[in-house]
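Step one of this worksheet: look at the structure below.
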2 protein chains.
Amino acid sequence: MRRMTARPANAHQARLLQLLRDGGPNSRAQLGDQVDLSRSKLAVEVDRLLETGLVVADGLAASRGGRRSHNVRLNPELRFLGVDIGATSVDVAVTNAELEILGHINQPMDVREGPVAVFEQVLSMTAKLRASGLAEGFDGAGIGVPGPVRFPEGVPVAPPIMPGWDGFPVREALSQELGCPVMVDNDVNLMALGEQHAGVARTVHDFLVVKIGTGIGCGIVVGGDVYRGTTGSAGDIGHIQAVPEGRQCACGNRGCLEAHFSGAALARDAAEAAEDGRSAELANRLEANGGLSAADVAAAAAAGDATALDLIREGGRSTGQVIAGLVSFFNPGLVVIGGGVTGLGHNLLAAIRTQVYRQSLPLATGNLPIVLGELGPTAGVIGAARLISDHLFSPA
Amino acid sequence: MRRMTARPANAHQARLLQLLRDGGPNSRAQLGDQVDLSRSKLAVEVDRLLETGLVVADGLAASRGGRRSHNVRLNPELRFLGVDIGATSVDVAVTNAELEILGHINQPMDVREGPVAVFEQVLSMTAKLRASGLAEGFDGAGIGVPGPVRFPEGVPVAPPIMPGWDGFPVREALSQELGCPVMVDNDVNLMALGEQHAGVARTVHDFLVVKIGTGIGCGIVVGGDVYRGTTGSAGDIGHIQAVPEGRQCACGNRGCLEAHFSGAALARDAAEAAEDGRSAELANRLEANGGLSAADVAAAAAAGDATALDLIREGGRSTGQVIAGLVSFFNPGLVVIGGGVTGLGHNLLAAIRTQVYRQSLPLATGNLPIVLGELGPTAGVIGAARLISDHLFSPA
DNA sequence: CCAACTTTCTCCACTCAGTGGACAAAGAGG
DNA sequence: CCTCTTTGTCCACTGAGTGGAGAAAGTTGG
């Protein structure tokens with residue numbers, strides 16, 4: 001249960017830790033190729049990292065035509081905790097220092113029950129992972145919440161869908177409980193970090209991640225770093241107007257994107273279509289399950305239901321309308337679509353693409369991939385682990 | 001005519017040059033307070049800068065209760081050229097190394113005449129400034145063009161309103177003519193740099209500058225640096241849809257912001273109002289001047305013409321609609337409105353503010369100033385000088 | 001006008017990061 | 001067994017940067 005507390009002593013060590021994290025076990029020689037240091041200096045820094053215990057020897061590599069090199073790797077006993085609090089469920093995962101998921105639990109939950117209840121659940125899920133022998137303690141934890149965060153303090157600020165959390169010291173509280181450093185961020189930003197680390201955005205520097213779940217939000221990455229805005233609310237695109245004089249939104253305005261397309265809106269529209277007789281397929285499912293979700297709409301569409309398909313297309317159109325504006329403005333190198341509704345798959349993607357390619361400037365869309373996220377439900381927890389790892393693997 | 005070619009040899013020297021540029025003449029002691037170096041090291045670097053000629057001694061400062069300090073300042077003979085090519089006019093200015101404007105000329109012009117003709121005009125304007133004794137030669141030049149630029153190469157790329165310029169090697173050509181380093185950027189980005197250096201955005205790190213001139217564009221500053229996007233077209237908001245099923249735009253879509261509000265659109269709408277009898281005031285001005293511009297609409301509104309006021313309000317509403325979306329997405333710390341139509345003044349500003357404060361999230365607008373630019377027509381040339389100065393005053 | 005105190009600037013010995021070359025160790029291939 | 005290649009270690013040297021001592025040039029008050 002004694003955990004590493006060492007931190008890299010300088011920028012070189014930080015860089016080496018990041019290389020070992022992202023590239024796995026490696027020899028001094030190959031590290032030297034990536035790090036612009038003399039062999040002597042490199043050896044000194046690696047030796048110091050070995051002394052701290054952050055890095056351990058890992059046997060001999062195969063020969064490349066000469067003396068075999070001594071591999072080093074991040075200490076395999078290091079453990080990070082990744083927590084992704086959504087609107088209606090929690091994900092908790094344990095990773096090693098290379099951010100590989102060793103164990104992962106998902107449970108339904110309602111954020112509106114407030115921080116105390118949710119924290120209790122997170123801790124019990126963590127205990128379960130611990131009990132299965134994956135970790136004795138944690139060297140760091142990252143946690144995502146579905147709303148804006150004052151990032152330096154790790155405190156949610158004025159979150160619309162989780163009012164009870166306003167000002168709750170998430171970072172402080174979790175750090176107390178776990179006895180390790182904690183970083184807090186918006187769930188969408190974590191998803192962006194996840195896709196950047198292990199997903200579709202590995203090679204891009206400027207990109208957007210649009211997460212369509214219960215709500216809708218956007219992660220912004222500029223020059224490889226997450227951009228959070230002046231008050232931490234950057235990317236909050238759910239209340240951009242998508243349909244003038246459209247549906248009444250909970251925020252008080254009309255026609256917000258979130259009022260027209262999101263997990264919640266889609267479920268509502270599907271139920272309406274089922275009840276007023278437009279779709280027998282959806283009506284059947286409503287009766288069978290006692291409720292409808294985005295997954296039902298996806299299934300109905302796959303079964304050939306025209307109304308379900310229309311709902312998806314119409315939603316994609318609204319979303320594409322907003323994304324088109326963002327693309328003109330931000331000129332990203334990639335747009336990733338993720339979140340719960342990715343189950344709607346290529347029907348949704350096609351509708352979004354059509355709209356964006358039609359409305360944005362040719363120069364901005366000329367070579368712009370719009371793709372689905374690769375990591376699915378693990379994007380958030382991987383991003384959370386990445387967040388704390390970036391923090392710990394930076395000069396103290 | 002022999003010019004300085006020295007560049008700072010390291011990051012410390014670069015920092016010192018920037019401090020002297022932004023803060024004016026200063027003593028070693030006061031520089032030391034801002035630069036986190038020991039006095040000894042600081043003295044060494046300042047001496048080296050004196051040797052290069054970039055910096056010169058500037059007499060003794062007043063005593064602050066002890067020995068008087070020896071001031072240093074940027075060499076007052078350094079000269080930068082700032083060029084701002086708009087759609088319908090060119091600005092050329094000469095500055096010293098502290099980016100103070102020593103001379104400034106503005107002339108009407110039409111970019112569509114192509115790069116060769118425009119270059120000729122720029123060079124003759126430059127010659128005129130030179131002839132007046134302001135400069136013998138230039139140590140660097142910055143130039144802005146009204147369209148996207150591939151920044152590293154300094155070449156316009158697929159510019160909609162200046163088709164003849166596509167691929168024209170602006171940087172190379174101007175550098176040849178002037179015999180000094182040149183940097184090229186989008187005119188709106190330069191305006192942002194100008195307002196950041198000497199205008200309303202001096203203390204903000206993340207902000208937007210919306211320039212409403214013949215066209216409409218947006219400069220994006222992230223963490224103090226201009227963000228240009230993946231292909232250099234970031235901030236191109238003129239073709240974001242502001243009015244669904246609205247006016248036909250030259251780009252092929254309907255309802256683009258630029259089709260509804262910009263210098264050109266406003267002139268068009270004013271002429272319509274004058275011709276179909278809605279506004280006697282505008283009709284008088286049309287007859288008197290043989291044409292209408294944004295300035296006429298401003299004057300008519302000031303004279304109490306309700307139709308002119310309506311045009312401004314309606315334009316502000318469309319613009320505010322788009323800006324509201326950008327504010328939700330980007331969460332800036334400041335929005336600056338600039339460009340030719342700033343003559344419309346507070347009527348325009350009020351309309352934009354109303355729309356943004358109503359539509360964007362409270363967290364994003366809570367403490368968001370929306371203001372007019374401070375520098376007017378000099379923002380571009382100051383930004384241009386700043387651009388090349390940032391380049392030259394950075395480690396070689 | 002002098003004594004005491006402040007501020008600025010210079011000088012110098014010292015520390016420490018980083019380099020690059022010499023050389024040893026370990027393997028591949030003939 | 002010899003040569004060539006790759007890897008790792010050792011060490012003298014360079015050069016950036018520090019911090020303290022002390023000189024230079026002021027101010028203020030008696």
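Residue numbering restarts at 1 for every chain, and letters A, B, ... go by the order of the sequence lines. Atom set for the values below is all heavy atoms of this structure, side chains included, hydrogens, waters and symmetry mates excluded.
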Per B:Arg67 side chain, nearest of listed nucleotides D:dG17, C:dA28, D:dA25 = D:dA25

Criterion side-chain contact (heavy atoms from CB on, under 4.5 Å) against B:Pro369, the qualifying member of B:Val336, B:Val204, B:Leu334 | B:Leu334

Taking for A:Arg68 and for A:Asp36 the nucleotide of DNA chain C with the nearest heavy atom, the one nearer the 5' end belongs to A:Asp36

Taking only N and O in the side chain of A:His12, is any of them less than 4.0 Å away from OP1 or OP2 of C:dG18?
-> yes

Side chains of A:Asn367 and B:Thr231, donor plus acceptor under 3.5 Å = no

Given DNA chain C, 5'-ward residue of the pair A:Arg39 and A:Asn10, judged by closest heavy atom | A:Asn10

For A:Arg28 and D:dT7, is the shortest distance between a side-chain N/O and OP1 or OP2 below 4.0 Å?
-> no

B:Leu60 atom CG is separated from C:dT8 atom C1', nearest whole Å, by 11 Å

Nearest-angstrom distance from the residue atom NE2 of A:His70 to P of C:dA26 | 8 Å

Where the side chain of A:Lys41 is defined as all heavy atoms beyond and including C-beta, which of C:dA17, D:dT18, D:dG8 is the nearest nucleotide?
-> C:dA17

To the nearest Å, give me how far apart CZ (B:Arg48) and P (D:dG17) are.
-> 9 Å

What's the CG-C1' distance between A:Leu50 and D:dG8, to the nearest Å?
-> 14 Å

Check whether the side chain of A:Ser40 and the base of C:dG20 form a donor-acceptor pair under 3.5 Å.
-> yes

Phosphate-side-chain proximity, B:Ser63 and D:dG26, N/O vs OP1/OP2 below 4.0 Å = no

Roughly how many Å is it from CD in A:Gln30 to P in D:dT6, rounded to a whole number?
-> 12 Å

Kindly say if B:Ser38 contacts the phosphate of D:dT18, meaning a side-chain N or O under 4.0 Å from OP1 or OP2.
-> yes

Once you round it to whole Å, what is the distance between P of D:dT18 and CD of B:Glu45?
-> 11 Å

Drop me the distance from A:Arg171's CZ to A:Asp185's CG, to the nearest 0.5 angstrom.
-> 11.0 Å

Cut-off 3.5 Å, side chains only: do A:Thr95 and A:Arg79 have a donor facing an acceptor?
-> no

Side-chain donor-acceptor pair present, B:Asp390, B:Gln18, cut-off under 3.5 Å | no

Comparing A:Gly66 and A:Asp47 on DNA chain D - which has the more 5′ nearest nucleotide | A:Gly66

